[in-house]
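Take a look at the structure below.
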Amino acid sequence: MSDTTATVPHLPVPLLDVRDLTKNFHVPGRGNNVLCALDKINLHVGRGETLGLVGESGCGKSTLARTLLMLERPDEGTIRFEGTDPFALTGKELLAWRRRVQMVFQDPFASLNARMTAGEIISEPWATHTTLYPSKKERAARLRELLEIVGLRPSDAGKSPQEFSGGQRQRIGIARALALNPDVIVLDEPVSALDLSVQAQVLNLLNDLQQRLGVAYIFISHDLSVVRHVADRVAVMYLGRIIETGTTEQVFDRPRHPYTAALMSASPHLDVSNSTPRKRIVLEGEMPSPLDPPSGCRFRTRCWKAQDICATDAPPAAASTDEPLHVAECHFPLMPETAVQLLAPAARSNDSDPRLHTITDLGAPC
Amino acid sequence: MLTFLRRRIVSSALPLLVVVLGVFALARLTGNPASLYLPLNATAEMRANFTAKYGFDDPLLVQMAHYFGGVLRLDFGESLRTGEPAAAMALRAFPATLQLAGTTMLLAVVLAVIVGCWAALKPNGVADRISSFVSMAAASVPDFWLAIMGILVFAITLGWVPTSGVGGATSWILPIATLLLRPFGVLVQIVRGAMVSSLSEPYIKLARSKGASEFRVVTRHALRNAAAPALTVAGDLTVSLVNGAVVVESIFGWPGIGKLMIDSILQRDFAVLQAAVLLTAVSIFILNILIDLGYAGLDARVRPAGRRKKSSRAASVVVAEPKERKIHVQTTP
Amino acid sequence: MSRPPRNAVQLPSGGRTVAPPGTEAIALPRGESVADKKTSLFQLLLKDRFATVAAVVLVLVGLTAVFGPTLMGDLSTRQDLGATNRPPFSFSDGWAFILGSDSLGRSMLARLVVATQTTLSVALPAVAISLVLGSLWGVWAGYHRGWRETVSMRIADVIMSFPSLLLAVVILYVFSPSAANIVLILAVTRIPIYLRTARAESAELQSRTFVDAARTFGTKPNAIIRRHVIPVVLPTLLTLATIEFCYVMLAESSLSFLGIGIQPPDVSWGLMVAQGRQYLQTAWWLSFFPGLAIMVTTVAANVLAAWLRIATDPAQRWRLTLPRKRLLVRLPVKEVL
Amino acid sequence: MRTATVSVPRASMIDDDVVLTVTGLNVDLRTPKGVLRAVNDVSFEALSGRTLALLGESGCGKSMTAKAVAGLLDPVADVTGGTVVLGGTDLAALTPKERLAYAGPELGIVFQDALTALNPVYTVGTQLGEAFRIHEGLSAKAAKVKAIELMRRVGIPEPESRVDSFPHQFSGGMRQRILIAMAVALNPRLLIADEPTTALDVTVQAQIMKLLRDLRTESHMAVVLITHDLALVAEEADTVAVMYAGNVVETGPVKEVFGTPHHPYTRGLLDSVPADVGRGQDLTSIAGSPPELHRIPDGCVYQSRCPLVQDICRAIRPTLEPDGAGRAVACHFSEELDNV
């Protein structure tokens, strides 16, 4: 099942290929002290594309980002970047790899050292990567260029982070990530700390940068509408596993995994044109502790479709028959038409399918 | 709870052991007591006999083994000076110090809580400024100087209290007043700081939103949360109170453990010094355990066994996970 | 272990940054720090009367220590057995005896001035040594965590869990009480204070995202410590050092008072108090003035430290510039804006 | 203390009664920069059984407004004008002591961050029971029984065994339920929910919002929901007041305001939501950022970012003009908005 990504036809040669990535943390003390943060994660990212990574807090998406950046060492599995495993590299080769994958952090306030100026922050990577822009002149020129790319003025270089607004700070963070001319940027909730009007500016900037520089994004977010807007493909995470992947349209419009459907259904809609209130799936309970994940399918404790088999066998990753790129880990995946009905406004659907009523007040954990 | 206690006992016992061993070794370095205790014209033979009798010519490790062998049989050796059992001398001096230190800390804590809370109610207000200056001055006075000045004014000039010794109630006044100042000064600042930060916590707002009176907010909600840091510092201050006790006891001729230790160092009375150090170390050890228990009683979050705050990389990652959540930046830089 | 690290015990706020009440939900103007930067630390100091006075006192003490002994010449050792135990403030004997004379007829003023130099030359190096060693050690242990941290903290526990004065007494008794030994023993016993504070701050900092960001560039730990950790912890540690200066000075005085610190013919403030003790009934000024000198210096250092703690903490700095309520509260808004 | 509550006539338990009327509320902040106006001339009404949303971005004064209504302003902030009438009493005119009688029985508030809002050193039972002990003088034992009842009411499983647990032993969603339980303990007429789900995941947010809706219906409370989330407002609120830089710029029924916004800021916000904008297409964003509180210009607060700005906007601040149909907008050119 780990080969689902490789056997799928017509894929571009992946830039970043992640296989069976597993990461456990050992929590000192308490009973079962192995926290399974990542469980056999498979991912691939092509050159210049955006992979959206969706999930609720504690599902492991930040750990995944940290592992991709080599801030954590995986327990099992491999990361291949154009065929090489960065964890096997040392010295200069490692440094060269570091240059190619960069990260933008969630909190634009905490991720910038308040004691440095914007210019110092953006040029900081060059202090380690001394060969990239060897002369002072080149660095100054590149700094000006970077500031301009992210929409700041050259005169902003001398200001300290506190003098910028949240959106401008996030621009500094993006400029810092671009300083090493990376091929992949991992964006960990890059806009969730920003106000709506500023969020739109930053999303536009990211979009623009991708088109100009051809950089690939791994875009981590819990905000479905943002992910839907930016991602080419989407991976949904739940309790350390990727439970569904597919193109953005497939995952958002025809979710196959019940959790994905519940997630889509739970997020509020802005649409006020409908007079009847929307039916929605309200899941009971909360995500189980990653210290003690359920047997079999991880979602079965909150799933309304769960059967006995879900508790005993972990569902394999299986592609949909019509959509080979649309993969879900579920014994009883939703049929496209059910999914459409589930997510549709109530006015259009509640008359036809009697099951929907039961689904709305479903929830009794199995 | 038991695991928690066991862990604490093991981790506090180590410093205890190191200190006792260190003092034992250091004391041996002060020189052979023979030169102090034998007449100046003592013969080499007399010296050798004296040395052999107390085992001072054995290698250090052998002496240690001997000594701790004795300790296990509750034999702490005898005083070179008086020939009395060292343990008896230490135990006799101990209560005097304990009473002095106990009374002082009790007074210091009570006063500091009152003054600290008063100051914290209006940060930067008049009360705050006065109390911060007073507490700072209190923590800055050299205790030996204050003791001497106290004797000069209240004992010599006014004759209200005796100059030294343990007697009636009045003889306690000067030693306690002298010892009190530093812990009081430091604690006021701690209590004030903890109260100010506690009072600005969101749970104070929650209490107010329930209609709790200001008195209830301060005493029930803020003070209980401020107590934990104050307790930690009070523990450290009690340990350092022994420092003050050494000085104060020697000035006021107070027959406590501090005076006993200074005397036995100066007279190379090793057995007594070791007994006194051991006794002090054990009481500090017990104090630390008590503080931990008090801490666990105050704050449920430290209670579960082995739950560490930021003690390893893994744990800090677990702690970091909730940060993924959506943060709407209401806070200002 | 489960007790929060006893770091920064000397810091009244427990080393915590106390959020100013009310700033959570208030969007304080963003240009804030611009103005903050422009008002330098010195200008901020002048705004606080207490802190200014304290700074002036400390500067005077420092100048006295550096230049005083030269100016006094041999006045401090010149004995005049015809003028023993002269009371202070008698102007008839000239300025040198303004603070009286001791039992050998030496000028108290001159002796105090000379003692200033001795006292500071013990306290300052002791503070400097423990600051540098303790801080670097603590920052290193806190950044790397794991066994380095555990071992370091255990060592700090051992040193801290015993009354330092008593250890000093034992050690100084063993290795002659020279000034160098006093400096050394005071430095060693105070290292844990910096070690704990630096460790705690550094452990917290190493989990911050801007440090993670530096790691993603492949920056080496030592470079991160130099660039991101030390500049942030330095103000806290310097504030701590100011408080520690008081402690070390008091400890030296206590040792000298007990007879195992500075030895005659050298003279320190603590020693002067001890020497004057036997003349307490006849000549109170022999003990009074040196003690007063100790107190004034420590109070000044404490006041300055308290101010520094607020001034170097970006979260609290606004307090120093906050207008008083009664002055501004009812002013029409337009006028202020 | 009780007498004050008793003397207030309880409105009959029907919906659409006016519970809260805020008129011309001003809140000033004392800062190093001088005194700033954080909330300026804010007026709104909350009806029983209905949800009013205060919508705005960070720093717009929505939380400050709520705190002013609840009497929980920080020491550096003062109410300097306006009335806050709750069930016939002007809260702004009461002394802090008199106000205590209203905190709980008349007005409950749910805070944003449930972990820091709960006192870490007391069990949730103690904290849940506190309101009963303060206002009804119950014994600790009786209060605990009430606490268990409350926990059941907000859907916390096994309340009997969990009543003696401490806040850190609960998950984020459960903590938020506990906070809500505390706020509704004495069945207040007004519930203020200050970003109640901002720290929570969407699936938990859905649960919490459902709970709030159920409680509102059950006890005919008026709910003031403070949030920055447009979609949440669209789904949960009946009326909305959009705030910008301390001022209410537009108010009215949610469907109408979101359907046909009359203020360029409301319009800009709605356009910034990434929904329905295709992949790769740019979003319509509002240029610039909100003005700092000490640099709010004369004239319209939105002038620096407004596409419709004219000279008059720089000179005269538009007031909130009701249109007679339940909506009001503070803009000189609201009619022209549709032509842009």
Side-chain angles (χ1 to χ4, degrees), chain A residues 50 55-59 164-168 191 193-205 207-208 210-211 222-232 248-249 259 262-275 277-278 280-287 289 302 363, chain D residues 55-60 155 157 170-174 197 199-207 209-211 213 228-236 244 253-259 265 268-290 292 305:
Chain A
T50 301
E56 296 182 288
S57 52
C59 73
F164 295 97
S165 65
Q168 288 172 319
V191 293
L194 304 178
D195 275 326
L196 187 59
S197 64
V198 178
Q199 169 180 313
Q201 295 170 3
V202 172
L203 289 177
N204 287 345
L205 169 68
N207 187 16
D208 179 47
Q210 189 168 49
Q211 281 168 5
H222 67 276
D223 188 333
L224 299 179
S225 59
V226 169
V227 173
R228 178 168 204 155
H229 176 67
V230 299
D232 298 302
T248 307
E249 288 70 29
Y259 174 68
L263 202 60
M264 306 295 161
S265 169
S267 63
H269 285 195
L270 183 57
D271 186 16
V272 287
S273 53
N274 245 307
S275 49
R278 190 165 60 96
R280 65 153 51 136
I281 308 166
V282 176
L283 291 177
E284 286 275 316
E286 288 162 351
M287 201 184 330
S289 161
R302 301 168 76 192
Chain D
L55 172 72
E57 297 181 295
S58 52
C60 74
F170 288 86
S171 69
M174 287 299 153
T197 56
L200 304 175
D201 288 318
V202 276
T203 55
V204 182
Q205 165 172 300
Q207 297 170 354
M209 291 317 297
K210 181 172 186 300
L211 171 67
R213 258 194 323 268
H228 66 281
D229 188 337
L230 292 168
L232 201 65
V233 172
E235 295 214 332
E236 305 292 341
Y244 185 81
V254 172
K255 279 187 182 148
E256 294 176 31
V257 171
F258 281 15
Y265 176 65
L269 273 185
L270 288 163
D271 286 346
S272 302
V273 177
D276 300 332
V277 178
R279 163 92 186 94
Q281 276 174 276
D282 270 359
L283 297 164
T284 326
S285 64
I286 305 177
S289 45
E292 290 151 15
R305 306 173 80 185

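Sequence lines set the chain letters: A, B, ... in the order given, protein chains first and strands last, and positions in each chain run from 1.
Heavy atoms of Glu236(D) lying under 4.5 Å from chain A belong exclusively to its side chain. Looking at Met174(D), the atoms closer than 4.5 Å to chain A (heavy atoms on both sides) sit in the backbone and in the side chain alike. Both the backbone and the side chain of Gln207(D) come within contact range of chain A, judged by heavy atoms closer than 4.5 Å. Residue contact with chain D, scored on non-hydrogen atoms closer than 4.5 Å, involves the side chain of Leu203(A) exclusively. Residue Gln168(A) does not touch chain D at all, counting heavy-atom pairs closer than 4.5 Å.
Contact check for Leu205(A) versus Gln201(A): no side-chain heavy atoms found under the 4.5 Å cut-off.
Nearest heavy atoms, Val254(D) versus Val233(D): CG1-O, 3.9 Å.
Contact tally against chain D (heavy-atom pairs below 4.5 Å) for Ser197(A), Ser225(A), Ala262(A): the top residue is Ser197(A).
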When you look at Thr203(D) and Met287(A), which way does the side-chain contact (heavy atoms from CB on, under 4.5 Å) test go after all the steps? CA-CA 10 Å; Thr203(D) 55; Met287(A) 201 184 330; over 6 Å; no
side-chain contact (heavy atoms from CB on, under 4.5 Å) between Leu263(A) and Val202(D): does it pass, once the steps are laid out? CA-CA 7 Å; Leu263(A) 202 60; Val202(D) 276; 3.6 Å; yes
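A donor-acceptor contact shorter than 3.5 Å is absent between the side chain of Asn204(A) and the backbone of Asp282(D).
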